[in-house]
Amino acid sequence: IRHATTLTMGLDHLGSSAHNIMEVSSDTIDEKHEEIEDSLEDLLIFPTQKGLRRSMEMIEAYFVLETQILKQIGFREQDYQSTLEEHQTILNIAGNELSKRTQVAASAASLSHADCKPPKA
């Protein structure tokens with residue numbers, strides 16, 4: 001919601017082309033929000049690496065779209081620097097969690113392979 005506010009603030013000063021971009025983009029943004037929410041709900045029910053990776057990719061794609069829209073409607077990077085920093089923080093948290101899950105899965109796979117080896121005589 002905070003990001004949607006960032007997208008809509010100041011549109012009156014940017015003219016009708018900004019309004020046209022926002023009309024087209026708002027449907028896309030709403031669709032992306034729903035897709036991300038569904039992905040995160042699935043992740044809560046079935047917490048898998050694949051689900052986490054999928055959610056992270058969707059969020060990252062959304063952040064790229066949001067940044068493109070901000071640029072198209074005339075915002076300068078300095079106008080939404082805090083938003084970009086929040087994006088990076090979220091992606092770092094998700095990336096760190098994915099990395100942890102990958103390491104745990106690799107360790108578990110290594111242990112299960114060790115169990116399959118015949119005992120040394």
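Computed from a predicted structure; not experimentally measured.
Expressed to the nearest 0.5 Å, how far NZ of K71 lies from CD of E77 amounts to 6.5 Å. Distance OG/S55 to CD/E60: 12.5 Å, rounded to 0.5 Å. Atoms CG and CG, from L70 and L65 in turn, are 9.5 Å apart once rounded to the nearest 0.5 Å.
Under the 4.5 Å side-chain contact rule for hydrophobic residues, L98 and L91 share a cluster. L52 and I90 end up in the same hydrophobic cluster when Ile, Leu, Val, Met, Phe, Trp and Tyr side chains are linked at under 4.5 Å.
The side-chain contact (heavy atoms from CB on, under 4.5 Å) check on I36 picks up L40, M58, I59, Y62, with sequence neighbours excluded. The side chain to side chain donor-acceptor pair (under 3.5 Å) check on N92 picks up Q88, with sequence neighbours excluded. Among residues two or more places apart in sequence or in another chain, the side-chain contact (heavy atoms from CB on, under 4.5 Å) test is passed with E85 by Q81. Residues satisfying the salt bridge (Lys or Arg N to Asp or Glu O under 4.0 Å) test with E57, not counting sequence neighbours, are none. Scanning for side chain to side chain donor-acceptor pair (under 3.5 Å) contacts around E97 gives R101, with sequence neighbours left out.
With a 4.5 Å cut-off between side-chain heavy atoms of Ile, Leu, Val, Met, Phe, Trp and Tyr, the cluster of I45 takes in F46.
Residues I69 and T28 form no side-chain contact, since every pair of their non-hydrogen atoms from C-beta on lies 4.5 Å or further apart.
Smallest separation of non-hydrogen atoms from S39 and G51: OG-O, 4.3 Å.
Pairs passing the salt bridge (charged side-chain N to carboxylate O under 4.0 Å, His left out) check and including a residue from residues 33-56, sequence neighbours excluded, read K32-E35.
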